[in-house]
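Read the structure below first, then the notes.
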Number of protein chains: 2
Amino acid sequence: MGQPQPRTQSARQRVAFHLRVIRAERRISQEQLAEAAGLHRTFVGAVEREERNISIDNLERLATALDVDVSLLVSPVVRRS
Amino acid sequence: MGQPQPRTQSARQRVAFHLRVIRAERRISQEQLAEAAGLHRTFVGAVEREERNISIDNLERLATALDVDVSLLVSPVVRRS
DNA sequence: ATGTAGACTCAAGTCGACG
DNA sequence: ACGTCGACTTGAGTCTACA
């Protein structure tokens, strides 16, 4: 029944992490990302700091703005060995 | 630049779909799922009908209740050929 | 067992300003 | 370019009740 769940992070942590990494890769600022996603700068910042509980709709808008699939943003953070 | 995004569903649709399928597999009712996730029955129903925009925290609670990873709930719905 | 509806609460999300 | 704060509005999530 059910896959063995190895130590995993909270969904919030995953989102925050992926946003930071992808944003760094793309070399865009929080402001630019917020702009592209139609969200407010302060809110995106708060999400990256894991302070806020983003909705699935807005998570999708961020994913679209970053040109990645939504599922990537909630995917487990790989533990570099 | 970003993977070619084949025709994809909204994140909301994905969640709704996966909830219905997994719930059917587990043979549990919306009420039982809601109970297990600590959410209200009417709300879970509304999410399955794509009427409501669930937050990432509560999506995670549903995933935990179903013993699956959160990312599965937002993963693309496979098109049976 | 699910859908609907209405009334309610509090947090999601906006916005402007300052460090 | 980002964090923070405060005031504000809207919508997520609860709950009771009826079909």
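Model, not experiment: these values are computed from the prediction. When reading the values below, keep in mind they use all heavy atoms of this one structure, side chains included, and skip hydrogens, waters and symmetry mates. Within every chain, numbering begins at 1; the chains are lettered A, B, ... in the order of the sequence lines, protein sequences first and strands thereafter.
Distance check, rounded to the nearest 0.5 Å: CG of Leu33(A) to CZ of Arg20(A) gives 11.5 Å. One finds the CG atom of Asp57(B) at 11.5 Å from the CG atom of Leu62(B) (value rounded to the nearest 0.5 Å).
Residues Arg41(A) and Gln30(A) have side chains that never bring a donor and an acceptor to within less than 3.5 angstrom of each other.
Distance CZ (Arg49(B)) to P (dA12(D)): 14 Å, rounded to an integer number of Å. Distance CD1 (Ile28(B)) to C1' (dA1(C)): 13 Å, rounded to an integer number of Å. Note: CD (Glu48(A)) to P (dA1(D)) measures 14 Å, nearest angstrom. Spacing between atom CD of Glu50(A) and atom P of dA12(C) amounts to 14 Å, rounded to whole angstrom units.
A salt bridge does not link Glu50(A) to Arg12(A): none of the charged side-chain nitrogens sits closer than 4.0 Å to a carboxylate oxygen.
Within 4.0 Å of Arg12(B), counting heavy atoms only, lies no atom of the nucleic acid at all. In this structure, Glu51(B) reaches the sugar-phosphate backbone alone: every heavy-atom distance under 4.0 Å involves primed, P, OP1 or OP2 atoms, never a base. If you check every strand for non-hydrogen atoms under 4.0 Å, Arg27(B) touches nothing.
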Please list, pair by pair, any protein nitrogen or oxygen found under 3.5 Å from a nitrogen or oxygen in nucleotides 13-15 of chain C.
| unit_1 | atom_1 | unit_2 | atom_2 | d |
| --- | --- | --- | --- | --- |
| dG13(C) | OP1 | Ser55(A) | OG | 2.7 |
| dG13(C) | OP1 | Asn58(A) | ND2 | 2.8 |
| dG13(C) | OP2 | Ser55(A) | N | 3.3 |
| dG13(C) | N7 | Arg52(A) | NH1 | 2.9 |
| dT14(C) | OP2 | His40(A) | N | 3.1 |
| dC15(C) | N4 | Thr42(A) | OG1 | 3.4 |

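At least one side-chain nitrogen or oxygen of Gln30(B) sits closer than 4.0 Å to the OP1 or OP2 atom of dG3(C).
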